[in-house]
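Reading through the structure tokens given below for one structure.
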Amino acid sequence: MTRPTSGSDRRRTPSGRAAGPRSAQPRAAQPRSAQPARSDGKPRQGAAPQRKQGAAAQPRKPQAGKAQPKAQPKAQPGRSTKARSKSKSQPKKTQPRATSTRLGLQAPEGGRTGPAPARPAQAPARSRVARPLPPRPGRPEIRQRWLVGIAAVVVLVFLVRLFHVQLIEGPSLAAQAEAVRTATAVTPAHRGDITDANGVVLATSVDRYTVIGDPVAIKDFRGSSRGVEDGALGIAQQLSPILDIPKNELAAMLVGESRYKVLAKNVVPEVQRAIAELDIRAYVRTDLTSRRTYPSGTVAGSLVGFVDDEQTGQGGIERAYDDLLAGTAGSDTYERSLDGLRIPAAGQESVPAVPGNDVQLTLVHDIQWKAQDAIDEAKRSSGAEYGIAIVQDVRTGEIVALADSGAVDPNDRSTSAVAGGSRAVKDVFDPGSTGKVITMAAALEGGYWNPNSRFTVPDRYTAPNGQSFRDSHDHPVQRLTLTGVLAQSSNTGTVQAGEKIPLEERQEYLEKFGFGQPTGLGLPGESSGLMPPDDVADWDGRTQYAVLFGQGLSVNAMQATSVFSTVANGGVRMKPTLFEGSKDPDGTVTPAEREPGQRVVSEKTADTVVEMMEAVTEDGGTGTNANVPGYRVAGKTGTAQMPTGSGWTYMASFIGVAPADDPRYTVAVFLKSPKSSIFGGDVAAPVFSDIMGFTLQKMDVPPSDRDTRRLKTEW
């Protein structure tokens, strides 16, 4: 049991409170166990009493298994100073302190409980509870300084941001804002017309409109004032009768997050005006576009070509002269409000569109129609795969008609046939017997033979190099002049006549007449044909003679036609052309530049060849079906073999000029794989007669006024 200390061992504090016995070390340094208080407010058993706030204490962990320290023996009165000093030097064990009964505390666990010893009456102890300090008086000037500082910082931030926006980001932000409210409408240029030589329109452009909706803006449409529903359904109710589209279908098109929805294309101006009267431009607009139309339909359809949705030429004349026809698009730049309306007071800039030039062709509409009609009929009657007809002015090289059987209508885009182009420049084939005209001209020009030179002509002939050739049919040996060889279209006779012509000259004349070269028409897909090797030393033994009668090389129909036009023009070759000239938007006409003709053979040689070709259309010749009443006709039949995947087929042809006494026009007719007959004199010559007769009358060519000078064909 802890005994109370005597009054002689206690010391007084400055406040008069009694203090415990002195020890060798301060009380604050003595370790105490820090035990948590019990939930009922009483200290746990064995825990040291809670010290006053602010007192230093070092907790000491209790060690299991050790006995609690014994209470320090109380000092006996009368002990010597030495004994007390010795007692001080001993380490003082921690003793539980008695708790003041006034504080209502119990003794620590392990000590005895009971009332605390009475304090001396002359020195009552003070409470250790800290008294709260009185509140400090407020200082409003500090809060004001803080508020002013914060406000200054905020203002400074705004000023810095304003400076950055106005001076640094200002130009870019202004440009962005202007870009948002600025709209640019492209004004399409009117594409130039394509006309024939007499101004008949073959292709033109008309104004059309594209109707475009703005589904995002349409969400905000309110139709109560118009007596219709709100949103897409209300717009659809107004547009449906104008566009002839069911309103439910139209409303479905107007729903979504897109800002650009095409509702209709190629709308005529009457419909556009009806839409404008609805006053819904903020939700639906109409953009001006252009549509290409072809008033003549199939007439020159495959030749004229077509354009795409951007009005760019994609075939035929449309593509060949696109740079002249297209023009330059304009623009209209303006500022618009949020509802899409033009702001009148805002800046505007307009660049007018420049229309394209009109292109005038050398074609004559009526002759083109006749050529197409005749070749279509020939294809049907002969069972041919296809046919080609060409009419050319021999004096200028201008193409008056260029027709393909089964010509397409460029207005009909349901098939790809319109993109096929003209076979007159695309397809190539051996010229066949029509190529014999070149051999005759070379033989006369070189002085190797004359029209009356005599030849013994069998149906089969073996050349000096051992190559054998035969005519198209068996016949007994004939005695023919050079004119007769041409009139009878004899292969064996032509080989004999050409043996004297050196190989270099044979190649030279083929090139001078235009074989193996572009025609000059400039049509898409043109083929220049196939020629023997440039070095005649590389020609094989058969090619050396085959080229004399139109085999061993390939040409297109225009190249073959040009040979006859050259001879009919006095031996001067004019470059074929379809381009007559152009007319700009101001009405100024610019004629096409014409290249000077190139002389191939002398005029005398050319005239003689024409006279020899007249014998072809006379009695005994192969082309009597080509005659035109009232006119002298000179020409040549042709039957050329063409390879196919499964064998051979034939190209039957007839090319001639009229009037033979003063040639004006060349007409060429080609039929591939005819079934009624493979000979040009049977299937192609009658078509020639039909087209040539119409052309001469249409162009007011007077009939022949001179009798034919008949050259001898036999001897």
_Donor-acceptor side-chain pairing of Thr649 and Ser673 below 3.5 angstrom_ = yes
*asked:* Rounded to the nearest 0.5 Å, what separates atom CZ in Phe513 from atom CD in Glu508?
replied: 11.0 Å
_Nearest-0.5 Å distance, NZ of residue Lys379 to CG of residue Leu671_ = 10.0 Å
*Partners of Phe549 by ring-ring contact (aromatic ring centres under 6.0 Å, His included), sequence neighbours excluded?*
Phe469
Is atom [atom1] of [X] surrounded by more than 12 heavy atoms (other residues, nucleotides or ligands) closer than 6.0 Å?
X: Glu499; atom1: CD; answer: yes
X: Arg319; atom1: CZ; answer: no
X: Gln598; atom1: CD; answer: no
X: Asp535; atom1: CG; answer: yes

*asked:* Any salt bridge linking Asp662 with Arg395? Criterion: basic side-chain nitrogen under 4.0 Å from a carboxylate oxygen.
replied: yes
*Any ion pair linking Asp322 and Arg191 (charged N to carboxylate O, less than 4.0 Å)?*
yes
_Test applied, side chain to side chain contact (heavy atoms under 4.5 Å, CB included); reference residue, Leu363; option that passes from Val400, Val304, Leu303_ = Leu303
*Testing Val563, Val609, Val547 for side chain to side chain contact (heavy atoms under 4.5 Å, CB included) with Ile438, which one passes?*
Val563
*Who are the side-chain contact (heavy atoms from CB on, under 4.5 Å) partners of Ile678, not counting sequence neighbours?*
Thr639, Tyr650
*Work out which heavy atom in Met651 is nearest to a heavy atom in Phe429; give both atom names and the distance.*
CE-CD2, 3.6 Å
*Quick check: does any side chain N or O of Asn452 sit under 3.5 Å from a backbone N or O of Leu711, one acting as donor and the other as acceptor?*
no
*Check for a donor-acceptor pair, side chain of Tyr631 on one end and backbone N or O of Val701 on the other, with a separation under 3.5 Å.*
yes
